[in-house]
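The block underneath contains the structure these notes are about, expressed in structure tokens.
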Amino acid sequence: MTTLDQSETQRDNPDVADLTARRFQRMRPFGGRPAPRVDTSGLPPGPRWPVWAQSVALIRFRHRFVPRMWRRYGDVFTVRILSGGRPLVLFTRPEHAKEIFAGDPEIFHAGKGNAILGPVMGEHSLLLQDGREHKRARSLLMPAFNGHALRGYRGLVDEVARDQVAQWRPDEEFRSLDRMNALTLEVILRVVFGVTDERRLASLRPCVNRTVNVSPAVLLGWGYPVLQRFGPWKRTVDNAYRLDRLMYAEIRERRRATDLAERTDVLSRLIRAGEEGDEGDRLTDEELRDQLVTLLLAGHETTASALAWALHELGSDPSLLARARSAAREADDDYLEAVLKESMRLHPVIPMVVRTLMRPSTIGGWRLPAGATVGPSILIAHSRADNHPDPERFDPERFLGQNPPVNTWIPFGGGVRRCIGAGFSLLEGVAVLRAILTAYDVAAVGADEPRVRNITSVPRHGSRVRLTRSE
Ligand code: HEM
């Protein structure tokens with residue numbers, strides 16, 4: 001087993017360093033190409049502000065901006081975004097979401113919108129691919145997230161959740177978002193990557209944390225390779241070399257593991273999935289690396305944010321907390337899952353999902369040009385009173401023994417791009433809530449509100465809570 005000195009840049013393994021360097025060359029944000037021109041006549045209404053102001057409003061102040069646009073312009077509106085004032089048409093009704101989710105994947109591309117993540121995730125990433133490549137990758141990954149596989153993860157997820165919670169001290173006040181991030185990271189490393197060696201885990205944690213915390217400014221800087229020699233860009237590139245070396249070491253060792261056939265982690269399942277199929281289905285080391293980093297980035301902070309909000313809501317309402325604690329003690333997972341789902345409804349982690357049109361298409365009666373980006377607003381879908389009566393109220397009962405009407409609750413998107421980790425995140429969230437609530441009383445400390453962090457929304461103050469031990 002290789003152990004790593006944190007000070008190494010890890011460029012000394014030529015084989016792996018080559019793979020990393022090639023990724024940086026190939027994966028410039030937006031593919032190094034200028035955005036295509038879009039015919040903007042006849043689009044749904046929208047603000048006439050300068051493009052930069054609309055982009056900033058959408059990215060930084062989406063929680064106020066999008067509802068304001070909805071009230072001002074109605075159920076379908078257009079926002080102009082950088083680069084080049086490209087139109088983003090947002091839809092807010094369930095029937096619109098249905099049309100978009102059911103759109104032909106050859107025409108409704110999702111990978112384009114994620115291109116900025118290319119240098120980190122890599123070209124094989126499920127999130128970045130479209131069309132036939134996406135279909136192939138998805139069919140290889142899906143078995144690792146189906147019901148049978150999820151049942152196989154349950155024991156280890158429970159164990160990691162209990163171990164982590166057992167290390168907390170009672171009567172402390174803390175930012176639950178930070179604790180949840182540490183916890184979901186541990187779940188990814190052990191259950192998804194399947195790493196068990198303590199020394200490798202210790203090397204991976206800081207690398208993975210730095211990868212997750214990469215800022216949009218650093219990502220955009222990748223369009224200018226010269227920047228990679230300076231400041232935060234250099235640190236990020238060095239970290240990428242280090243992470244890749246650890247990941248490739250893990251992947252190569254795992255391929256040779258004598259217990260590969262019995263292992264239940266996602267990486268081992270992906271290796272086996274390829275070996276059971278024909279030659280074309282075999283995932284290369286590079287593909288495995290890209291998919292693992294994708295699962296890490298997509299599955300870590302998202303679940304942590306949903307959990308932090310759930311604790312905030314339970315900690316603000318003693319009667320709900322009492323109900324959730326008895327559910328935890330009685331292993332009533334349905335109620336805990338309802339708490340999590342309601343937390344994702346009231347505080348959507350991802351505000352919208354988008355598709356770029358490869359050909360002119362009609363949605364909600366609007367004829368839209370090729371090159372336009374379209375998407376359902378999750379924020380509005382979850383806060384419309386005609387979708388969810390009394391929408392401001394946190395009420396898990398909405399999800400008990402029933403589901404809200406179709407396409408009114410869409411935290412995981414939909415169609416062929418629906419979040420592959422939806423079931424995993426619910427399983428994990430329930431395990432974490434159960435571990436916390438069987439041991440502790442939770443009290444929220446102060447109010448909180450959403451804040452944009454990269455792509456996700458998180459509680460601005462980290463959802464501060466105080467836990468007290470109680471039997
Ligand atoms: C609260 C937790 C989570 C939320 C709210 C969430 C949300 C989303 C959303 C909105 C999408 C885009 C769907 C679309 O375009 O229609 C997505 C895609 C994805 N998510 Fe999640 N996610 C969560 C947890 C996870 C976890 C735990 C994993 C993996 C371990 C994961 C892996 C992925 C992947 C790989 C995709 C890309 C799917 C594709 O393009 O085919 N997510 N997620």
Side-chain angles (χ1 to χ4, degrees), residues 97-98 100-103 105 108-114 117 121-122 124-131 133-142 144-145 149-150 153 157 177 180-181 183-185 187-194 212 265-267 269-270 290-310 337 339-356 373-379 381-382 407 409-433 455-458:
K98 182 178 172 200
I100 295 169
F101 291 147
F108 289 64
H109 277 194
K112 305 264 174 307
N114 299 323
L117 296 167
M121 290 190 174
H124 306 292
S125 162
L126 189 64
L127 268 168
L128 264 70
Q129 291 173 335
D130 279 307
E133 290 83 25
H134 174 261
K135 198 170 167 196
R136 169 184 173 267
R138 186 137 173 140
S139 70
L140 285 168
L141 282 160
M142 267 320 263
F145 291 95
L150 290 182
Y153 304 136
V157 173
L177 181 65
M180 295 301 119
N181 267 323
L183 210 158
T184 55
L185 175 63
V187 169
I188 297 264
L189 291 178
R190 289 175 191 264
V191 185
V192 178
F193 293 9
V212 173
D265 57 86
V266 175
L267 171 58
R269 282 176 199 272
L270 293 181
D290 291 357
Q291 302 304 4
L292 288 182
V293 174
T294 300
L295 296 176
L296 163 74
L297 289 172
H300 164 54
E301 201 168 58
T302 42
T303 311
S305 180
L307 273 165
W309 278 118
E337 189 173 294
V339 167
L340 215 56
K341 287 178 167 172
E342 176 66 342
S343 157
M344 294 179 193
R345 182 196 68 80
L346 192 55
H347 308 286
V349 179
I350 310 250
M352 62 184 164
V353 289
V354 292
R355 311 283 185 255
T356 301
T373 300
V374 301
S377 166
I378 300 177
L379 221 50
H382 288 190
N407 288 317
W409 182 76
I410 48 172
F412 298 112
V416 296
R417 306 300 296 227
R418 186 173 188 266
C419 175
I420 204 169
F424 188 91
S425 80
L426 291 172
L427 170 119
E428 180 182 0
V430 166
V432 173
L433 286 181
I455 294 156
T456 52
S457 299
V458 298

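One-based numbering, in listed order, for ligands and for the atoms of each.
Under a 4.0 Å criterion applied to the non-hydrogen atoms of R138, ligand 1 contributes the atoms 38 (C), 39 (C), 41 (O). Within ligand 1, the atoms closer than 4.0 Å to a non-hydrogen atom of G414 are 16 (O), numbered from 1 in the order shown. Ligand 1 places these atoms under 4.0 Å from at least one heavy atom of G299: 25 (C), 26 (C), 27 (C), 28 (C). Residue H134 has at least one heavy-atom neighbour below 4.0 Å for each of these atoms of ligand 1: 39 (C), 40 (O), 41 (O). Within the listing of ligand 1, atoms 32 (C), 33 (C), 34 (C), 35 (C) sit less than 4.0 angstrom from a heavy atom of I420. Ligand-side atoms of ligand 1 in range of P411: 5 (C), 7 (C), 10 (C), range being under 4.0 angstrom from any heavy atom. Remark: ligand 1 atoms within the under-4.0 Å shell around heavy atoms of S425 are 2 (C), 24 (C), 27 (C). Which parts of ligand 1 touch L127 is read off a 4.0 Å heavy-atom cut-off, strictly below it: atoms 37 (C).
Classification of E133 and R136 as a salt-bridged pair fails, no side-chain N sitting under 4.0 Å from a carboxylate O. Classification of D130 and K135 as a salt-bridged pair fails, no side-chain N sitting under 4.0 Å from a carboxylate O.
Contacts of T303 with ligand 1, taken as heavy-atom pairs under 4.0 Å, involve both backbone and side chain.
Shortest non-hydrogen contact noted between W309 and V458 is NE1-C, 4.2 Å. The nearest pair of heavy atoms linking S425 to M344 is OG-CE, 4.2 Å. The shortest non-hydrogen separation linking Q291 to A137 is NE2-CB, 3.8 Å. Minimum heavy-atom separation, L295 to I188: O-CD1, 3.8 Å. Shown here for I410 and H382, the closest heavy-atom pair between the two residues is N-NE2, 2.9 Å.
Look at R355 and you'll find a heavy atom under 4.0 Å from some atom of ligand 1. Look at V192 and you'll find every heavy atom at least 4.0 Å from all atoms of ligand 1.
Distance from atom 12 (C) of ligand 1 to its nearest protein heavy atom, with residue and atom name: V353 CG1, 3.8 Å. Nearest protein heavy-atom neighbour of atom 13 (C) of ligand 1: R417 O, 3.1 Å. Looking at atom 19 (C) of ligand 1, its nearest protein heavy atom turns out to be C419 CA, 3.7 Å. Of the protein's non-hydrogen atoms, A298 CB, 3.6 Å is the one closest to atom 33 (C) of ligand 1.
Of the possible donor and acceptor atoms, one in the side chain of S305 sits under 3.5 Å from a partner among the backbone N and O of S457. Formation of a donor-acceptor pair under 3.5 Å by the R138 side chain with backbone atoms of V416 is found in this model. No side-chain donor-acceptor contact under 3.5 Å links H134 to the backbone of Q129.
Distances from atom 9 (C) of ligand 1 to the heavy atoms of F424, W309, F145, F412 show the closest one on F412. Which of T456, L126, I350, T302 comes nearest to atom 23 (C) of ligand 1 through a heavy atom is settled by distance: it is T302.
Between R355 and F101 there is a side-chain heavy-atom pair separated by less than 4.5 Å.
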